[in-house]
Number of protein chains: 2
Amino acid sequence: MPRLVDAPSNIQVLRASNLLNSLSEEDLLNLAAASSMYHANRGEIVWMRGSDVSFFGIVGVGFVKMLRSTASGQDVTTEVMGPGQIFGLLGAIEGCSCPQTAQAVCNTWLLKIDKQRFLDIYRENVVLKERLLSRTTGRLRTSYDMFARMSTGHVSQRISTILLMLADSYGVDTGTSIDLEIPLTRQDIAEMAGTTVETTIRTLSNWQKRGLISTQHKRISIIDLGEIQNLQH
Amino acid sequence: MPRLVDAPSNIQVLRASNLLNSLSEEDLLNLAAASSMYHANRGEIVWMRGSDVSFFGIVGVGFVKMLRSTASGQDVTTEVMGPGQIFGLLGAIEGCSCPQTAQAVCNTWLLKIDKQRFLDIYRENVVLKERLLSRTTGRLRTSYDMFARMSTGHVSQRISTILLMLADSYGVDTGTSIDLEIPLTRQDIAEMAGTTVETTIRTLSNWQKRGLISTQHKRISIIDLGEIQNLQH
DNA sequence: TCGAGAATATGATTGCCATCATAGAATGAG
DNA sequence: CTCATTCTATGATGGCAATCATATTCTCGA
């Protein structure tokens, strides 16, 4: 499979992380040396839930989704990580295996960072701890928010919530529309909204006919943001 | 309204918190002096979402639920806090208002702790920061887990998940059954499961007829744990 | 360029669950 | 003890969405 994009450098990816870029130059170089760039093909499982890996990851180029399998076998996506975002770090610090599965949404370059080397730096760095707490608090808040929205309401409300969340994180405002940078299939969106592919397709098709969004394969653009927001009520 | 239970002492409640009990005796007494015991009647709003309060709380006796109102006006309960548990702390540290509403599930004694006094202690205490991160990480994990279970599956699966979660936190194993210590109405459970009262009543009635649970007013006992767990599949 | 496979699309049908309506039971405050 | 109020219970009904089935379109790699 072709690697459409060149690999970024280790240090480049580390600097792009707004959690780690507070580290000293020395620590950054140290970490860069203890890391390895890895290319994951679309759909590739970066790691499986419960497996004990010696690294955590930062997305360099591309996107990784974190998902859980429910008892009934259905996959549910909890988060989508983009460039500069870290995944699997909390498991590394707590010393337990990551409870989620990480899967590449598209062809992705990611930096695998050695847990041990990071922990050596982490243990002595109070600022890093504070930042991490702040980041974790934010995620917790978002999670509760999504939880409240997802556990109630109709499918169209849930899907609109997902679109708006994605637009918030990975949307590019072109003036006439907000384009989502992530190549997501209807299946991907269905897994986030906790519904089926068919229903997702029907919903998005309907919105497209009404001119609220436009889609070209896996690329979605929000045209009528106000109306999408209204759908949440 | 009668106060069925006597108020615990400030220091007693502080010691019951497994986050704060690592503090020095001096700090604990200091905090105790900056706190005030408060009695909330059943249904009373301890604080409203978005309001800026100068304290966070620890449950002494009773239970407090954290809830959010969705755009459609429906309330969703995200967490239930029992004796020794802290709520509103993250908002205090981040310096923003708590994004959730706190409401007493039953007549409850809670300790209101002054934010500022706590922050003075917090800032200098690395161990406390680590513990808080650990606690927050755990909550995040639980939240994602609930999210995955709640955003998919049938109502009976969702309600069984809620019962099991409650049993895990507040269940007392009597040998023949697991009794939930929290007095919850069907409405309360419905708000946690993201469904309606009627459906919750039907589901629980059905389980009671089948001998899986027994209920006496607001008290629920799980009789056939295995079968309730099976319902999740 | 072409073909296999993935992704999107759409119809038909079933069934779960929200909603509305109403009634009975239990609780607790005075 | 009593009554208002809250809580539980249950029926009837309609609609939304899951499921199954089947095309059609689109992508990407050979």
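Residue numbering restarts at 1 for every chain, and letters A, B, ... go by the order of the sequence lines. What you see is a predicted model, and the numbers here were worked out from it, not measured in a lab.
- In this entry the distance linking NE2 of A:His217 with P of D:dT25 reads 16 Å, nearest Å.
- At C:dA18, one or more side-chain N or O atoms of B:Thr195 fall inside 4.0 Å of OP1 or OP2 (strictly under the cut-off).
- In terms of the side-chain contact (heavy atoms from CB on, under 4.5 Å) criterion, residue partners of A:Thr176 (sequence neighbours excluded) are, by chain and number, A:Thr174.
- Here C:dA26 presents its P atom at 14 Å from CD1 of B:Ile201, a figure rounded to the nearest Å.
- Among residues two or more places apart in sequence or in another chain, the side-chain contact (heavy atoms from CB on, under 4.5 Å) test is passed with B:Ala16 by none.
- A donor-acceptor pair shorter than 3.5 Å can be found between the side chains of A:Asp188 and A:Thr185.
- Between A:Thr199 and D:dA17 there is no side-chain polar atom (N or O) within less than 4.0 angstrom of OP1 or OP2.
- With the end axes of the helix from C:dT1-D:dA30 to C:dG30-D:dC1 each set by five pairs, the angle from one to the other reads 60° at 10° resolution.
- Taking atom NZ of residue B:Lys218 and atom C1' of nucleotide C:dA26, one finds them 11 Å apart after rounding to whole Å.
- Using modelled atom types, no side-chain atom of A:Arg42 and backbone atom of A:Asn107 make a donor-acceptor pair closer than 3.5 Å.
- Across the protein-nucleic acid pair, B:Glu198 atom CD and D:dG14 atom C1' stand 15 Å apart, rounded to whole Å.
- Remark: A:Arg202 is not in phosphate contact with D:dA18, judged by side-chain N or O atoms under 4.0 Å from OP1 or OP2.
- Although no hydrogens or angles enter the test, the distance criterion places no donor-acceptor pair under 3.5 Å between the side chain of A:Gln100 and the main chain of A:Arg68.
- Contact between the side-chain N/O atoms of A:Ser205 and the OP1/OP2 oxygens of C:dA9 is found at a separation under 4.0 Å.
- Straight-line distance from the NE2 atom of A:His154 to the P atom of D:dG15: 12 Å, rounded to whole Å.
- Phosphate contact (OP1/OP2 of C:dT10, side-chain N/O of A:Lys209, threshold under 4.0 Å): present.
- Salt-bridge annotation for A:Arg141 and A:Asp145: absent, with no side-chain N of the basic residue lying under 4.0 Å from a carboxylate O of the acidic one.
- The shortest distance between the side-chain N/O atoms of A:Arg186 and the OP1/OP2 oxygens of C:dA9 is below 4.0 Å.
- We find that CD of A:Gln208 is positioned 18 Å from P of C:dA7, with the value rounded to whole Å.
- The closest donor-acceptor contact from the side chain of B:Thr142 to the backbone of B:Gly138 lies under 3.5 Å.
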